[in-house]
Each structure stands twice: as C-alpha cells, then as structure tokens.
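Below: the structure, in structure tokens.
Each chain gets a letter, A, B and so on, in the order the sequences are listed, and its residues count up from 1. This structure is a prediction, so every number in the text was calculated from the model and none was measured.
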Amino acid sequence: MPAPEVPEKPSIDGLEEKWGSRWEADGTYRFDRTKTRAEIFSIDTPPPTVSGSLHVGHVFSYTHTDAVARFQRMRGREVFYPMGWDDNGLPTERRVQNYFGVRCDPTLPYDPSFVPPAKPQSPPVAVSRPNFVELCVRLTVDDEKTFEDLWRRLGLSVDWGMTYTTIGPEAQRASQRGFLHLLTAGRAYQKVAPTLWDVDFQTAIAQAELEDRELAGAYHRIRFGGPDGTAIEIDTTRPELIPACVALVAHPDDERYKPLFGSRAQTPLFGVSVPIVAHPLAEPEKGTGVAMICTFGDVTDVTWWRELQLETRTIVGRDGRIQADPPEGVEPSPAWAELTGKKMEPARGRIVELLRESGDLVGDPRPITHAVKFFEKGNKPLEILSSRQWFIHTLDNQERLLERGRALHWHPPYMRARFESWVSGLNTDWLISRQRFFGVPFPLWYGLSDDGSIRYDAAIVPDESRLPVDPSTDVPDGYSPDQRDQPGGFTGEPDVMDTWATSSLTPQIAGRWTDDPDLFARVFPMDVRPQAHEIIRTWLFSTVVRSDLEHDALPWTDAAISGWVLDPDRKKMAKSKGNALTPIGLLDQYGSDAVRYWAASGRPGVDTAFDEGQMKVGRRLAIKLLNASKFVLSRLELPPAEPDGDAGDVTAPLDRAMLAGLASLVDEATTAFEGYDYARALERTETFFWGFCDDYLELVKGRAYGGQGEAAAASANRALMLALSTMLRLFAPFLPFVTEEVWSWWKDGSVHRATWPLAVELRGPAGATADPVVLEMAAAVLGGVRKAKTVAQVSMRAEVARVVVSDNAERLAALAGAADDVRDAGRIAELVTEEADQPSVIVGLAPQA
RNA sequence: GGGCGCUUAGCUCAGCUGGUUAGAGCACUUCCCUUACAAGGAAGGGGUCGGGGGUUCGAGUCCCUCAGCGCCCACCA
C-alpha cells in the first residue's frame, strides 16, 4: 500500500467543486437498473416547485432524505433516487403570464410558429393551450437548472440521469392513463354541483386546498317579514346575499320558532317569499336562532340546500361580481340595480345602506373577526358556485384508506394522526378538475348534438396508445378537425387536472410506469416517501388513493415526514416573506457539510429553528475530522503499516476498549438509521468522535509515535486506522465531502460506495476481551490532570510529579492496562493507585521552572 | 369543539423501554501558541427538568390534572 497522501494543511474549502465533479464523472450515484426489487431501495422524491424560491427549508428536508439514501447505498442497497421538478400548476402559470405577457385561451388552435412578444404587452396576447404550455416549459428549464445546481452543491446523491417533470410527456401519459382507468372502473365521474370557487383564478378548488383565515367582519341583524305581519330577525355576516336567500332555518326543537315552520317570510328589499324550515344544524344559541339560507354563502348552506331540497338563486358570477340579471323569483328592482356588477365588499356596503334606509337593519353592524375559507394560494374569500366538475370517489372508501394508513410506517409515528383526521373528515369526493391551462388536460372529448349542445353523457376517450392528448388541439378518432365545435361534431373537454391529480402519481412517473414497465416493476412499490407534514392531506393522501385504486397496494412502505424550518420568531421560514436566506449563500459561507450538519440534527418531523450557530459547529466538526484524520494517517509511515490487518492485531487494552465503544456506536447508528432516525445516528457518532479526539487520541499519541516500542505502536496504529475508517463511514451520509476527501488520501474508490461498518469487524476474534473501563479510567485520570493544570494556570505540557488515583480494585486494575499511556499523555512521573471507597484523582504538579 | 406535538441551563436542543450527584453545543468566565487542529485546545460558572397531584424503594422519564405555545382537523349563520 502506498503511503497516504496527506496534505500539509488540509482544508474543507473547495471540496464541493472537487468532489461534485468527480462523482459526476465516476457515476458514483448512478442507478443500476439490472438489480431486482429486493436489492433496490427506492425513494419517491418530492419534486420541488421550481418556480418557487429556493430557501433553507429545501436544504433542510432534502438533506434528511439524502442521509438515508447514502446509508442505504452503503448498506448494499441499490438506491433509486430520482429527482422531479414540479413545474405543473398555478405558480408557473402566473409567472408565464407576467413574464411573456400572454394569456391562455383554450378555444384557440395550436400555432406551431408562435413567438411570444419581445416585451410583455398590455393587453396580453391570447395563445392556445399547447402554446401556453410550451412557454411554461421554456421558462421552467432555467428554474430547474437553478435547483439542480443547488442540489449538486449540497451533495444530494441523486442520479442526475433520472429526472422528471410533472408536466412532461411521461407525467401526462401517466396522468391520463390513470384517469382513463378510473373512468373505466367507474371511480371517476363528473357532475354539476356547488363547488368552492376562487374568483381571482376563476377555478374550482378542492377541499384539500382550503385554508382558514381570520378576517374582520360584522354581524348584521336584519328584519324579515314574518307570516303574521310580525318581523323575524336574523343575524348574518353576508347581507349582500339577501337576494340569494331561499329559506329561513331554525332548530326543530326551538320553541320560539316551532309555530313558524311551514309558513313563509318575506326578504327585505326584494320582497321574495321564502319558506321557514327546520334543520338540526341550526343552532338556537347562535344569533337569534334563525339563519337565512342562501345559495350559497357557506358550506352549511349547501348542506341545507341539498337536504331540504330548496330552490337555487344564484347571484354571484364566476368573476366574483353580482351578476347582471336577478335569479328566478327575484324581480328586477332599484335595489337589484344598485348591486349588480359589484364585487362582494362594495355590494355589502351598499346593501347595508339600503337596509338602513328601509328600516330593515336592526341597530348597527357588530364587528367581529371570524374564520373565512380561502384558497391557500388565493387572496379573496372563496365563493360557492354551481359548476360541472370531475371527481374521484373517495367518500365511499374511507375505511379502506384508513386501513392503508395503518399499514404504512410513519416516521415519526404520530404523523399518522393527521392522515386519519383528514380521511375521517372528508366531506366531498376528490375534486380533480380545474378551470386552468397549465396542467394535464383531461383526455376527453364530448359529442355535440345536432343543436350544438354538449353531450356530457357521450364522452369520447382516446386509445391509450395515443396518450398524451390535448383535446383542445387533437382530434378524436373517427372525427375530422373541421367537426370541432360543430353541431353533430365534437368538442374538447376544456379543463385540466389539478396539480395533485398528477403529483399523486409521482411513484408511477418517476418509476416510468407507462414508458418502462420493466423499470417500474423493479422500483414499485417504493420504500419511502419523504415529505413535509403540511401536505399529508394533499400529496400523501392523494398518492395513497391513486395507488390503492390503480395497484391495490400502498405506494411505499414508509413515510418520512420532515418538519419546517422556523425563523427565530418561530414562524415558518418559507412562508413569511423576506426572512428566507438564500441557501447558496449559506453553503458558501459555512460549506455544504456544515449546512448539512445543521439540517441533519433536526429530528424527523420536528420543526427546527434556523441556527447558524449549528452550522459553525458543523464546520468545526468537518475541520476537526480533517485534522484528526491527518494525525492518524501520518502514523502510517511508521511500521508496520499493514493496511489489511484486522481487530485481532489490536492487543493493548486501551485500544481494545476504544474499539469496543466504537462497535456499540456502529450498532446504535445502524439501528437508528434503519428507523429513519438519522439525527440520532449523527448525534451519537459526533459524541463518540469528540471523545475519541479528546481522550483516546491524546492517550495513545505517544505510543503511536513509537514511545513504547514497535509492538505497542502497531496495536495503536491498527486501532487508529480501524477507528478512522469506521468513523469516516459513519459520518459519510452527513458530511459527504470531507469524508470523501479523507478517504481519498488512503483508499481507492468512493467512501459512498464503501460498505457500511459492522460491529463485528471491530470486536476482533472470538474470546478477545475488551473492557471499556480501561478507557473510562484512563480518561478520568487524564481529565483530573488537565483540571489541575488549568487551575494552576500552567501549560498542558507541564510536568506532573505524582498522581494518586483512588478507586476500587477492579477499576484500578483496568487502569493498570493503560498506565503507560496515562503517564505519557499527562507527563506524569509517578502514578500511584490506592484502593478506596471514594474514587478520587489527586495531582501533584512538579515545581515549575 | 376534537386531535397531535412541544414546554429540560440566557439561546438551540439530547435525554430511547423509570435507576448512581440531569447532558451537549452556542454564549459567558479563566487559562494554554501542547509536534492533528489558534477559523484551535483545556477547565469552569449556570438548571427546584412549565404548575399541581398521584403510582413507585426510586420520576425529567409512567398516570391524572391545569396552564402556555405551535400545528392538524371540524357543517365558526
């Protein structure tokens, strides 16, 4: 073996570039697809939203996954670790509209020669959906490059030959194929129903995308005309919906209103006669005990409307304004004329004035703050509108999904509660259609009647071999292009699938379900889905649903849930603007290993404070590792430098004690990693390493230099090499750069393809004894000596005349095994032991010069 | 309203199935240029483990209860 090439002044700076390009050139992380499912560890990597900003939250959670991936690779599993880019959906759409100055019009045909304006223009240029999608793809290529650069810099051990996008052809094929299967199986259906509607984006929104926000509002007490001429007062936060009122409701047992059930009331201002009905959801304590039911003010209105079979009076349009014509049953009136065309807030203000003038407002509005439902990406309160949408049946499947959730291994286990509460609380089927453009189109056309009306019951589906199709441009088999939108012809389904309808298939997309069934069979069901806890109800849930329906299986055996990064104010960093530092800056400042160290010390599922102090500690650890390695490896020039010896060559009790401790560490770290507790593995390894440096290294130094003869030196050097080799491998999943650097000084190949250490390699031949107390006692005496020198304010080199160690016979005997090392390390002239009940170390310093 | 998690040194956090005087890092104080390391090293001060009750020979660790913080869920007129 050639002597190790140890740099004179090792440094961690520049290791990212050096090893990043080496790993790429050597294909260190390349996936070997000839391996079988049992040999493979497959990861359903979260595809980051590329149009979003990079922030430390990304670095945090992806480091966790990478540490596990590296561990599994070293354990001998072939790691399937692809990277996806989520370019599908609203964030990209918004950016493209602004960047190019275009808007999508799905009724336009594809223009292959379209070139976007050099500068964004106003009004924006209308383009077809395929053209719009092309622009989205064009813009996201740069975003994806930015992310890839960050990931490479961070040292993610991804196979960069395996990337996918959620809008790419493979994703489109998988989404459309999956949808067609659901359609055939009767699990997907469309219907006209009240749905949550975002008036800015003008699209339907799913239950999973809801977010409650506290908003200022007010209770308005309003007088309706009762059946016998007396007034009925109700409280409402949405007086502008009076023209949409279809009934008044009270609790069936409410004695105050029992006599009124079955009779009718008159709405104020509009004089519409509405029934007074009873329903148990009406709460007697709330307001006056009577509520007005509108179509639709909130989801309770929908329940009442459905269960009581009430009329429909729609007044809000898709753009969020009061529509032009009054609904059926409401006569045109001056009051209506005042409201029409207004958005909700102005309409509310105006109707309050009108009610005040007419005397139907009782008292003043009483301001309150209340929770209002928003689209999580939206800015205006959601309305509820009736529209035609596509759904996937989930309500009839809750028990089965809960069973899937129980079969999945959650890390940490308590995260399962979020899945269960979500599944248990489902109140609508999964709404997958969106009235947007940059998404996967539904692979559907509809026949048109001779009068030109759309025959929704006559859906035309393509053959799977044609996928992906865009019905706005492609023509169904058996039709010609000129039959589009003509009576007796066909029309394309204009909607696209929601982004979660595609993301729910990431295992299928990454595993190339449609294009490469052989690969898919080797990686699916996958081993792990790493993801954040906030999207359990969306991404995790929907993936389980799709895998259940398509494959009758869980998509993975394990779910590793990561926490958030919190800023010092305990806010989620990614969410509050301006406080997300750029990850590249941090990687520059501290080094990738140091930032990874901080990330990896955040335990699974736990929200973790952003802490640059931890990055400094990580940096110091990396430097320490270099220096300690330098010391250990520079000893190899001394004989005997036999590299392939084993623990049997280690004879000194102190060395054996150290290796015994290391063997326990290996077991503990392995167990922790197998349970996805990377943070524990790191913490234990780090603790051992510092103890190794502070005590063992100091104790063994003189002997390793040959101070006690060649045989004694050989034992020390063998133990040092074994320990270093082991610790480098234990650290490798966390600190890939510095460990690779050191490994390269004396070993061939990458540490990241080296085998994970085994405790048995360190325990030596059967029958060999190792007493951990030897190291413990030696360290205790050395500590006592150091303390005495510090108290005396003298150098650690200062000579010690005499040390008296008191302890029981057994421990003193253990110390005897390392007595020479202790004398050497402490510069002790005379080491005396005395049996005693109370352990103590009494240090007598030599007179100082 | 239901659920989950958290509450340990000034700060960030470990303390796994209950067991010797409660740990680490940062920060702070003091000392030390020692041949792996001064972008270091050594030593030290600092905590009634959120409050209250209980089980136990023994509780930071188990049970009950209360409080605060965070999050998830819920048909919050």
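- When the nucleotides B/A43, B/G41, B/C37 are ranked by their closest atom to the side chain of A/Glu698, B/C37 comes out on top.
- Within the 4.0 angstrom heavy-atom criterion, base atoms lie near A/Arg827.
- Contacts of A/Arg680 with the nucleic acid, taken as non-hydrogen atoms under 4.0 Å apart, include base atoms.
- Residue A/Arg603 has its side chain nearest to B/A14 when only B/A39, B/A36, B/A14 are considered.
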Query - Dot-bracket notation for RNA chain B, counting Watson-Crick and G-U pairs under 3.5 Å, with | for partners on another strand - result: (((((((..((((.....[...)))).(((((.......))))).....(((((..]....))))))))))))....
Requested in this report: Just do the side chain to side chain contact (heavy atoms under 4.5 Å, CB included) check on A/Tyr597 and A/Leu682 with the steps written out, would you?
Outcome: CA-CA 8 Å; A/Tyr597 169 87; A/Leu682 171 59; 3.9 Å; yes
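- Under 3.5 Å, the side chains of A/Glu534 and A/Trp564 contain a donor-acceptor pair of N or O atoms.
- Taking atom P on both B/C6 and B/C16, the two are 12 Å apart, rounded to the nearest angstrom.
- At whole-Å resolution of the value, CG in A/Asp694 and P in B/G23 are 17 Å apart.
- Spacing of C1' atoms, B/A77 relative to B/C72, comes out at 25 Å, to the nearest Å.
- The C1' atoms of B/A67 and B/G53 are separated by 15 Å, rounded to the nearest whole Å.
- The listed nucleotides are B/A36, B/C26, B/U34; the one nearest the side chain of A/Ala628 is B/A36.
- Residue A/Lys701 places at least one side-chain N or O closer than 4.0 Å to OP1 or OP2 of B/A36.
- A gap of 15 Å separates the P atoms of B/G60 and B/U17, to the nearest Å.
- The phosphate of B/G44 has OP1 or OP2 within less than 4.0 Å of a side-chain N or O from A/Lys787.
- Here A/Arg703 pairs with A/Asp821 in a salt bridge; the nearest charged N to carboxylate O distance falls below 4.0 Å.
- Not one side-chain nitrogen or oxygen of A/Arg418 sits closer than 4.0 Å to the OP1 or OP2 atom of B/C71.
- Between A/Arg684 and A/Asp667 there is no salt bridge, since no side-chain N of the basic residue sits under 4.0 Å from a carboxylate O of the acidic one.
- Separation of the C1' atoms belonging to B/G51 and B/C57 is 26 Å when rounded to the nearest angstrom.
- Of all the heavy atoms in A/Trp422 and A/Arg537, the pair that sits closest is NE1-O, 3.3 Å.
- Within the structure, every side-chain polar atom (N or O) of A/Arg786 is placed at least 4.0 Å from both OP1 and OP2 of B/A42.
- Spacing of P atoms, B/C13 relative to B/A9, comes out at 12 Å, to the nearest Å.
- Heavy atoms of A/Cys693 sit under 4.0 angstrom from at least one base atom.
- Side-chain contact, A/His370 with A/Glu214: no donor N or O sits under 3.5 Å from an acceptor N or O.
- In this structure, the nucleotide among B/C4, B/A38, B/U30 sitting nearest to the side chain of A/Lys9 is B/A38.
- Of the options A/Glu612, A/Gln614, A/Arg620, a side-chain hydrogen bond (donor to acceptor under 3.5 Å, both in side chains) to A/Tyr590 is made by A/Glu612 and by none of the others.
- If you measure from atom NZ of A/Lys789 to atom P of B/U34, you get 13 Å, rounded to the nearest angstrom.
- B/G25 and B/G44: their P atoms are spaced 12 Å apart (whole Å).
- Using cut-offs of 30° and 60° on the angle between ring planes, the pair A/Phe541 and A/Phe419 is tilted.
- Separating the C1' atom of B/C26 from that of B/A14 is a span of 15 Å, rounded to the nearest Å.
- Nucleic acid contact for A/Glu686: none, since no nucleic acid atom lies under 4.0 Å from a heavy atom of the residue.
- A/Phe688 has its CZ atom 19 Å from the C1' atom of B/A14, to the nearest Å.
- A sub-4.0 Å separation between OP1 or OP2 of B/G40 and a side-chain N or O of A/Lys616 is absent.
- Of the candidate nucleotides B/A36, B/C4, B/C71, B/A36 has the atom nearest to the side chain of A/Phe631.
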Atom pairs, protein N/O to nucleotides 75-77 of chain B N/O, distance under 3.5 Å:
residue, atom, partner, partner atom, Å
B/C75, OP1, A/Asn427, ND2, 2.7
B/C75, O2', A/Thr300, OG1, 2.3
B/C76, N4, A/Asp212, OD2, 2.3
B/A77, OP1, A/Asp298, OD2, 3.2
B/A77, O3', A/Thr237, N, 2.8
B/A77, O3', A/Thr237, OG1, 3.1
B/A77, O2', A/Asp235, O, 3.4
B/A77, N7, A/Lys286, O, 3.4
B/A77, N6, A/Glu283, N, 3.0
B/A77, N6, A/Glu283, O, 2.3
B/A77, N6, A/Lys286, O, 3.4
B/A77, N1, A/Glu283, N, 3.0

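- We find that A/Glu698 and A/Lys701 are joined by a salt bridge, their nearest charged nitrogen and carboxylate oxygen being less than 4.0 Å apart.
- Among the protein residues, A/Ile293 comes within range of no part of the nucleic acid, since none of its heavy atoms lies under 4.0 Å from any strand.
- Contact detail for A/Val800 and A/Val803: the closest heavy-atom pair is CG1-CG2, 3.6 Å.
- A/His220 and A/Asp364 share no side-chain donor-acceptor pair at under 3.5 Å.
- Taking atom CD of residue A/Glu211 and atom P of nucleotide B/C72, one finds them 8 Å apart after rounding to whole Å.
- Nearest nucleotide to the A/Trp422 side chain, out of B/U34, B/U35, B/A74: B/A74.
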